[in-house]
Amino acid sequence: MIQYVVRRLLVAIPTLLGITLITFILIKSIPGDPTYAMVGERTSPEVIERNRRKLGLDQPPALQYWIFLKNISFLRVPTIKRCRLGGYTIPYISLFKRPYLGRSYFTGQPIIRMILEKLPNTVRLALGAMMIALLSGLALGILSAAYPGSIWDRLSSFLAISGISIPVFWTGLILILIFSYYLQWFPPSGMGGGALIFLVLPAITLGSRSAAYLARITRAGMLEVSSENYITTARAKGLSRSRVMGRHVFRNALIPIITLAGLDFGSYLSGAVLTETIFSWDGVGRMAMNAILQRDYPVIIGCVMLGAIIFIAANIVVDISYAFIDPRIRYSSR
Amino acid sequence: MMKRNITYLLKHNKMALAAAVAIIIYILAALLAPVISPYDPNAVDLDQVKQSPGRKHLFGTDEKGRDILSRVIYGARISLSIGLLATALALSIGIVVGLAGGYFGGKIDAVLQMVTDITLAFPSLLLAIGIMVVLSPGFFTVLITLSLVGWASLARLVRGEVLTLKEREYVEAGRVGGSSHIKILFRHILPNCVPIILIAASLKIGAFILAEAALSFLDLGVRPPTATWGFMISAGREYLKTAPWIAIFPGLTLALAVVSFNLLGDAARDYLDPKLKV
């Protein structure tokens, strides 16, 4: 098990390096002086010069990339540091540091701090969206797999194809139009200091695509498992239909469902750019959108890199969770 | 052979038929835009600002008095051409990478797969945003960006198919018979990948149309005043309360186009290869 996890983590390293390389290339291709891109335009010449040296812009590109990697990493070469504790100076070995992604053009704040400030809001939205997606997607998928060809099945596949095809930013606007302006059930925008009612429409908007995919994949998976011999056996030995569906079919159709849910959750940061903008939700997505409007390049690219890293992390978590759900994977990796 | 299959498919699947008809209408509308649109899509008419849909303006007018129907028709040109061209470009990259990696294996495959994996590791809209902000927005940059982001899933698909195909007897026979690698790839392997490529392509067109709209919505697409569905929706946001039709009609048109391509892709998949999960 531990071996499996470690191997999965090691496999992610080249991909992570690739992501940082692409990010580095994007930063290098920013129009204008890259120093401004990293430290902001309103800094004094001395600061710019210091950063230029710190970023190694006078060095060859390969070395620049290495410096970039050192800057964004949270690990450091172990160094002995001292901290003062009540009159004593205690030496300790420092392994971690704060990653440095550059500063915003406009506010001059470190990008990492900006992102960390907004991240909890995005996570809240993502959790709400995933809950809605799982509830509605699984319900629709199970319903249509239980009665294939029925009106429920057709309704659910219609909803699924719409959910996949309709752009989220338009879904959001239509929801606001119907539920905020006409029916006045939910507020159209903002976060309302954390009131749950403000979360409803954004969560539905962000979750609609996942719900559609989940419904499809649940249906397909359950129908596939239904034709297995062990399901016939379960029915033949006299188990009720609902018990077979829940205990045997659903549990065995779970792997693709978890894969999809996990990966979608990991990709909500990019989906959130559109949703958060529409609902003025104060998260990372809207921050990225504002950065796009202001052409605040370092912030945009910081968000892109973060999005990719979160996506990879979701990938790894999904892979590891397989081992917990499916004993076959656990044993084969020994 | 292929043609007979398609007629069979359309005859027996009414949804697919409806989708195909819708797509043909969209393509005709895009081609004939100057002939069929009632007004000049960019003609500002400040006396006709935010007119609700009616006899004079079927879809109403926007905040500058421009006819929304005409703008939607012209918007089809951008959406469809980007959808189709980006798919063609992404397919060319994906097919070359997939064929080379799957057929030659070894180090070539390892390198190509790593590039594919890294591209797939980015959430696609985010990567597109990242590339679009450093390039300057416009028709060709959108096209190139979407193909750069979208080729990887196609490459993975083609590679998988090649891996199974290259073990077949006729490929072996070709090799024994002294055919060159290029000939085996393009004569024997590629033609057998066509069904899977067709399915993936029709689903990809819908995805690219959506992505183009999202970029335009974020103001990272084709520059205004050129009419694009995404930008029209984004402009309509501000007037959602007073003039909802500004955002509604471009969105409906966009959704219907994507639904059509997706339905066609689904039908093709069910027909050609029911087990395939694209």
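A, B, ... follow the sequence lines: proteins, then strands. Residue 1 opens every chain.
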Just distance, no hydrogens or angles: give the donor-acceptor pairs under 3.5 Å from side chains in residues 254-262 of chain A, sequence neighbours left out.
unit_1: A/Thr259; atom_1: OG1; unit_2: A/Ile255; atom_2: O; d: 2.7
unit_1: A/Thr259; atom_1: OG1; unit_2: A/Tyr322; atom_2: OH; d: 2.6

How far does [atom1] of [X] sit from [atom2] of [Y], to the nearest 0.5 angstrom?
X: A/Ile22; Y: B/Thr119; atom1: CD1; atom2: OG1; answer: 5.5 Å
X: B/Leu126; Y: A/Ser267; atom1: CG; atom2: OG; answer: 9.0 Å
X: B/Asp266; Y: A/Arg216; atom1: CG; atom2: CZ; answer: 4.0 Å
X: A/Leu173; Y: B/Ile246; atom1: CG; atom2: CD1; answer: 12.0 Å
X: A/Met289; Y: B/Leu220; atom1: CE; atom2: CG; answer: 7.5 Å
X: A/Ile292; Y: B/Ile129; atom1: CD1; atom2: CD1; answer: 4.0 Å

Minimum heavy-atom separation for A/Ser165 to B/Asn262, with atom names?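 So the minimum-distance heavy-atom pair works out to OG-ND2, 3.0 Å.
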
Using every non-hydrogen atom in the two residues, find where B/Phe122 and A/Ala308 come nearest and quote the distance to one decimal.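 For B/Phe122 versus A/Ala308, the nearest heavy atoms are CD2-CB, 3.5 Å.
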
So which part of [X] gets closer than 4.5 Å to some heavy atom of chain A, the side chain, the backbone, both or neither?
X: B/Ile248; value: both
X: B/Leu263; value: both
X: B/Leu252; value: both
X: B/Leu254; value: side chain

As an exercise: rank A/Ile312, A/Ile166, A/Ile161 by heavy-atom pairs under 4.5 Å with chain B and give me the winner. A/Ile161

So for atom CZ, which belongs to A/Arg154, do other residues, nucleotides or ligands contribute more than 12 heavy atoms lying within a distance under 6.0 Å?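 No, not enclosed.
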
For [X], is it the side chain, the backbone, both or neither that has a heavy atom under 4.5 Å from a heavy atom of chain B?
X: A/Ile300; answer: side chain
X: A/Ile309; answer: neither
X: A/Ile278; answer: both
X: A/Ile19; answer: both

Evaluate B/Leu218 against A/Leu274 for side chain to side chain contact (heavy atoms under 4.5 Å, CB included), listing each step before the verdict. CA-CA 8 Å; B/Leu218 294 171; A/Leu274 297 166; 3.8 Å; yes

Under a 4.5 Å cut-off applied to non-hydrogen side-chain atoms, are [X] and [Y] in contact?
X: A/Thr277; Y: B/Arg237; answer: yes
X: A/Leu26; Y: B/Ile131; answer: yes
X: B/Phe217; Y: A/Val273; answer: no
X: A/Val304; Y: B/Val133; answer: no

Set of side-chain contact (heavy atoms from CB on, under 4.5 Å) partners for B/Ile93, sequence neighbours left out: B/Val97, B/Trp151

For residues 221-269 of chain B, which residue pairs qualify under ring-ring contact (aromatic ring centres under 6.0 Å, His included), counting only residues two or more places apart or in two chains? B/Phe59-B/Phe249

Let's test your reading of the structure: which of [options] forms the most heavy-atom pairs below 4.5 Å with chain A?
options: B/Lys241, B/Met15, B/Met114; result: B/Lys241
options: B/Ile233, B/Leu256, B/Leu127, B/Val115; result: B/Ile233
options: B/Ala213, B/Gly206, B/Pro250; result: B/Ala213

Checking an interface table here. Which of residues 180-187 of chain A come within a heavy-atom distance under 4.5 Å of chain B? A/Tyr181, A/Tyr182

